Structure formats: C-alpha cells, structure tokens
Amino acid sequence: MIVNPDQVIKVMKQQVESYLSKPGFVEVGTVIQVGDGIARINGLGSAMSGELLEFNNGIYGMALNLDEDSIGAIILGSDAGIKEGDPVKLTGRMAEVPVGDGMLGRVVNALGEPIDDKGVIAADAYRKVENSAPSVIMRREVNQPLQTGIKAIDALVPIGKGQRELIIGDRETGKTAIAIDTIINQKDKNVYCVYVAIGQKASTVARIIKVLRETGAIDYTTVVAATASDPASLQYLAPYAGCAIAEHWMYQGKDVLVVYDDLSKHAVAYRAISLLLRRPPGREAFPGDIFYLHSRLLERAACLSEENGGGTLTALPIVETQEGDISAYIPTNIISITDGQIYLEADLFHHGVRPAINPGFSVSRVGGSAQIPAMKELAGPLRIEFAQYKELAAFSQFGSDLDQNTLDRLNHGERIMEVLKQPQYKPMPVEDQVLILYALSNRHLEKIEVGRILKFQKELIKYVDKHAAEIKQEIRDSGRISEKLAEKIDVVIAEVKEKYHYS
C-alpha cells in the first residue's frame with residue numbers, strides 16, 4: 001500500500017483547523033470528615049443546595065447544608081470507599097431520575113437505577129427529583145372517581161383523581177393491602193401506578209412485587225424501593241424520585257396513582273440525616289422543616305386543567321401510628337396536608353372486619369363529587385345508617401329490652417358490616433359494588449343470615465353475569481340506576497333468593 005504524503009498533510013491540516021480548544025473548569029473540594037453516610041467538605045463555594053457532588057470513587061453525594069466554611073452532604077450509597085482528604089467535584093446537576101414508558105414494569109432504587117436484573121432502562125428523558133408543585137391556576141376541581149375496588153372506600157370514603165388520601169393505622173392492620181388492591185384495580189383503566197417502598201423489609205417488598213406480577217399489575221406499575229438496608233439518604237430521596245417518575249406522565253395528560261409506603265419511616269430517615277448534619281432538633285428531635293418535607297411532596301399531586309393537559313396525579317401516602325395515636329406529630333402534620341384519611345383500626349382488624357376501616361375517623365374531603373351518581377345515591381344513607389348502628393351497638397350491650405325499631409337498625413347494621421367485608425387482593429368493579437349496595441339499601445338482605453351474605457353476593461354477581469349482563473352494562477354506561485333498571489334488579493334479586501333458598 002502506497003501512502004501519499006500530500007494526502008496525509010491535507011488530513012492533518014483539516015484536523016488542526018477543526019480542533020476547538022475548550023478549557024474545562026471543574027470546582028474541586030476536599031473531604032474533611034466522613035461517617036454515617038454524611039460527608040463534610042471544605043471548598044466548593046459555588047455549590048447549590050441539592051446539587052450532586054462526585055466523590056473520588058464514583059459515588060455521588062447531594063449537598064444539603066451550605067455552611068460558611070464547609071458543606072454538609074449526604075452520600076447516595078455506601079461511604080466505605082470515601083476517606084478524609086479525598087477530592088470532591090461539583091457536577092452542576094441536581095439529583096434526577098430517568099422517566100418515561102420504559103419505567104413501566106421495572107423495579108428501581110431511589111436513583112432510578114434498575115435493581116430487577118432486567119437490563120438498562122430505555123428512558124425517554126431525565127427529570128429532577130425536586131420540582132415545584134403545579135400552581136393554583138394550573139389546577140381544576142377533582143371530580144372523577146379513582147376506583148379502588150374496595151366497597152368500604154368507594155362507598156364511604158371515595159377517592160378522586162388528583163386527590164391526596166392518607167391511609168393511616170397501626171402496624172399490621174392492612175394499610176399496604178388497601179394500596180396494592182387499588183393498584184390491582186387500575187388494570188385496563190389507563191392509570192399508571194408508582195409504588196414507593198420506604199424503609200420496608202426487603203422480603204416485604206419482594207412479596208409485593210410477586211403479587212403485582214401474579215395479578216398482571218406490574219405491567220403498568222413502577223416500583224421504587226429504598227429498603228431498610230439502604231442508607232437513610234436513599235430512603236429520604238425515594239418518594240421524591242417516585243413522584244418525579246409519576247409527574248412525567250401527569251404532564252403528558254395521563255392519570256397516575258402514586259403510593260408512598262410509608263411516610264413515617266421517611267420522616268425518621270430525614271430526622272437521622274438532619275441530626276447527623278447537626279441541624280437544630282425540634283419536637284421529638286425532628287428538624288424544624290419536617291412539615292415542609294411532606295408538604296412539598298404531597299402538593300405535587302394535582303388534577304391539572306385542560307389547558308395544561310388535563311393529567312392527574314393521585315397520592316396515597318401511608319402513615320403508621322403507635323397504639324392508634326393519630327394525634328402524634330407526624331400523623332397530624334400529614335392529616336393537615338391531605339384531602340382526607342382512611343383510618344384502619346386494630347380492634348376491627350382483630351375482630352375479623354377486613355378491611356378494618358373505621359367510618360367515624362375516616363373522611364374524604366372530595367366526597368360525593370368523586371363518585372358515579374348511582375354510588376352517590378346509595379352511599380349517602382349508608383354512612384348515616386352505619387354511624388347510627390355503631391352508636392346503638394355500644395348502648396345495646398347495657399340493656400336487653402329493646403324496641404322493634406332499634407332491633408331493625410341493629411339487624412341492618414350487622415348486614416352493612418358484613419357487606420363491607422372484602423378479601424385481600426380481590427378488588428371489585430364498581431358495577432358489582434352498585435348491585436350489592438342496591439340490595440343492601442333496599443332491604444333485600446334483611447332475612448338472609450349474616451353468615452350467608454357474602455355467599456349471596458357472589459351468587460348474585462354470577463347470576464347477573466350469566467342471565468342479565470345488560471344490567472351491569474347500563475350501570476357502566478350511564479352511571480345511574482333508572483326506575484326501569486331498579487325494577488330489573490329487584491326481579492333478579494328475587495330470582496337468586498328463590499333459586500338458592502335465601503328467603
């Protein structure tokens with residue numbers, strides 16, 4: 001092969017002419033103290049709060065304390081490879097996570113990195129974990145129901161798209177089960193879901209992922225996991241990362257549901273970080289900005305106006321109480337931020353009432369505007385009747401001589417309690433709920449033994465599916481029960497009672 005010297009010189013000239021010298025400038029500081037997932041850094045005078053820092057071993061940190069002579073940073077990973085005297089670089093970037101449809105069906109950590117052995121995530125874009133909430137002008141009224149598939153919630157404490165509904169109760173009372181049921185019920189409803197596990201046991205998170213896979217719910221769900229074995233810094237970051245992933249879809253005009261499980265562990269992780277950063281402690285050793293920690297997260301849930309795409313982000317934060325004390329510091333903070341709460345009572349749970357929802361303490365501030373008309377009509381009297389039953393049941397323990405009216409109310413109340421029971425991971429479509437609540441409110445269940453009511457419910461739904469499917473179709477299409485439809489339902493209920501010997 002003959003090399004032409006002229007050609008070589010020509011190529012070299014082109015390379016020299018096209019070369020643009022761009023001097024790079026990177027601000028570098030020095031680690032002066034490290035331990036417990038916290039690093040104190042000298043230098044980096046132009047660092048911003050929340051900015052990512054890169055340590056010598058490739059691990060990232062996040063600047064939180066901007067003191068006069070140093071910076072306090074949390075280490076987003078293990079601090080094992082970082083020592084005093086190591087250089088630290090400013091990146092000029094804020095903490096961000098990958099977002100987009102590539103996140104569906106994936107399990108990621110608080111930095112958006114996959115932990116499910118399914119390879120690299122094909123991200124549409126990257127989004128900052130800390131974003132400002134939509135303004136008042138960008139929002140509209142919450143008026144579309146987000147069906148949970150749980151009768152006790154959809155009837156008594158309805159949740160609307162764009163609402164923030166707190167799930168609160170002692171440990172092991174079924175809080176996570178309600179959230180997972182709600183995610184399962186979004187199948188074929190064009191609602192994307194994000195489940196954020198904060199400080200949960202790795203075995204618990206694995207079990208939840210298994211349930212989501214078995215029910216097919218994982219296909220439209222992203223799991224963000226910061227387990228109990230992860231550093232407090234990642235537990236602190238996890239809900240903001242989950243919210244950023246959900247926000248991307250909301251601003252595209254889609255409906256999204258995000259579950260934060262749970263924010264009491266999130267507050268504890270933030271308290272640990274704050275104390276290590278030497279921030280002044282306040283009540284129960286929590287820092288002064290603990291309210292802002294959760295308000296800036298939950299305010300990002302919204303129902304956007306049509307001009308802004310019309311997307312919705314519904315938040316279901318979970319909070320664990322100690323001995324049912326909902327007046328503790330963190331529960332009261334979050335109750336004041338959210339649009340209502342579902343309170344789960346340990347006593348009801350231990351008496352076999354599942355879900356163990358206490359209708360007295362549970363409330364939805366969106367109310368009937370997030371229900372279909374048929375459900376609104378049936379559920380209105382139900383709440384009052386249930387509250388009256390609870391009161392009467394307490395008084396009836398002291399006296400045996402009760403009049404017929406009181407006995408009838410107690411009898412009806414027992415049937416309300418039985419109808420509102422529901423097995424775990426078996427959410428019910430809204431048309432099936434309307435059918436059984438219609439039978440209840442029109443006193444069709446009064447002569448059926450309490451122990452046979454759930455069996456009657458199954459047989460009624462099965463019979464309607466087989467012989468009168470148009471009833472369900474009409475409820476789905478119109479959302480109402482017309483007089484003509486009510487007559488049809490009465491006939492079907494009578495046929496089921498006769499066929500299975502309930503009357």
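This one's a predicted model, so the numbers in the text were calculated from it and none came from an experiment. As a basis for the values below, the full set of heavy atoms in this structure was taken, side chains included, without hydrogen atoms, waters or symmetry mates.
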What pairs of donor and acceptor atoms, side-chain ones from residues 270-281 against any protein atom, are under 3.5 angstrom apart with sequence neighbours left out?
| unit_1 | atom_1 | unit_2 | atom_2 | d |
| --- | --- | --- | --- | --- |
| Y270 | OH | R279 | NH1 | 2.9 |
| Y270 | OH | D289 | OD1 | 3.2 |
| Y270 | OH | D289 | OD2 | 2.6 |
| R271 | NH1 | E284 | O | 2.8 |
| S274 | OG | Y270 | O | 2.9 |
| R279 | NE | N65 | OD1 | 2.8 |
| R279 | NH2 | L64 | O | 3.3 |
| R279 | NH2 | N65 | OD1 | 3.1 |

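Contacts of Y195 classified as side-chain hydrogen bond (donor to acceptor under 3.5 Å, both in side chains), with partners at least two apart in sequence or in another chain: D261. Taking Y329 as the reference, F286 meet the ring pair (Phe, Tyr, Trp, His ring centres under 6.0 Å) condition, with sequence neighbours excluded. Residues forming a side-chain contact (heavy atoms from CB on, under 4.5 Å) with A241 (at least two apart in sequence, or on another chain): V97, V129. Residues forming a side-chain hydrogen bond (donor to acceptor under 3.5 Å, both in side chains) with T148 (at least two apart in sequence, or on another chain): D154. With sequence neighbours excluded, the residues satisfying side-chain contact (heavy atoms from CB on, under 4.5 Å) with E113 are N109, L111.
In terms of heavy atoms, Y425 sits closest to I184 at CD2-CD1, 4.0 Å. The two residues R106 and P114 make their nearest non-hydrogen contact at NH2-CB, 3.4 Å.
A donor-acceptor contact closer than 3.5 angstrom is absent between the side chains of D255 and W249. Counted by atom type alone, S364 and Q163 present one or more donor-acceptor pairs between their side chains at under 3.5 Å. There is no side-chain donor-acceptor pair under 3.5 Å between D170 and T173.
A centroid separation of 6.0 Å or more is found between the aromatic rings of Y126 and H248.
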Legend entry - Check against side chain to side chain donor-acceptor pair (under 3.5 Å), N185 and T182: CA-CA 5 Å; N185 196 54; T182 307; over 6 Å; no

Inset, instruction - Please step through side-chain contact (heavy atoms from CB on, under 4.5 Å) for the pair L293 and Y240, ending with a clear verdict. - result: CA-CA 10 Å; L293 176 79; Y240 299 104; 3.3 Å; yes

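Judged by distance alone, with hydrogens and angles left aside, the side-chain atoms of E51 form no donor-acceptor pair with the main-chain N or O of A63 at under 3.5 Å. Q422 places a side-chain N or O within 3.5 Å of a backbone atom of K151 that can act as its donor or acceptor partner.
None of M94, E96, R296 except one satisfies the side chain to side chain contact (heavy atoms under 4.5 Å, CB included) rule with E130; the exception is R296.
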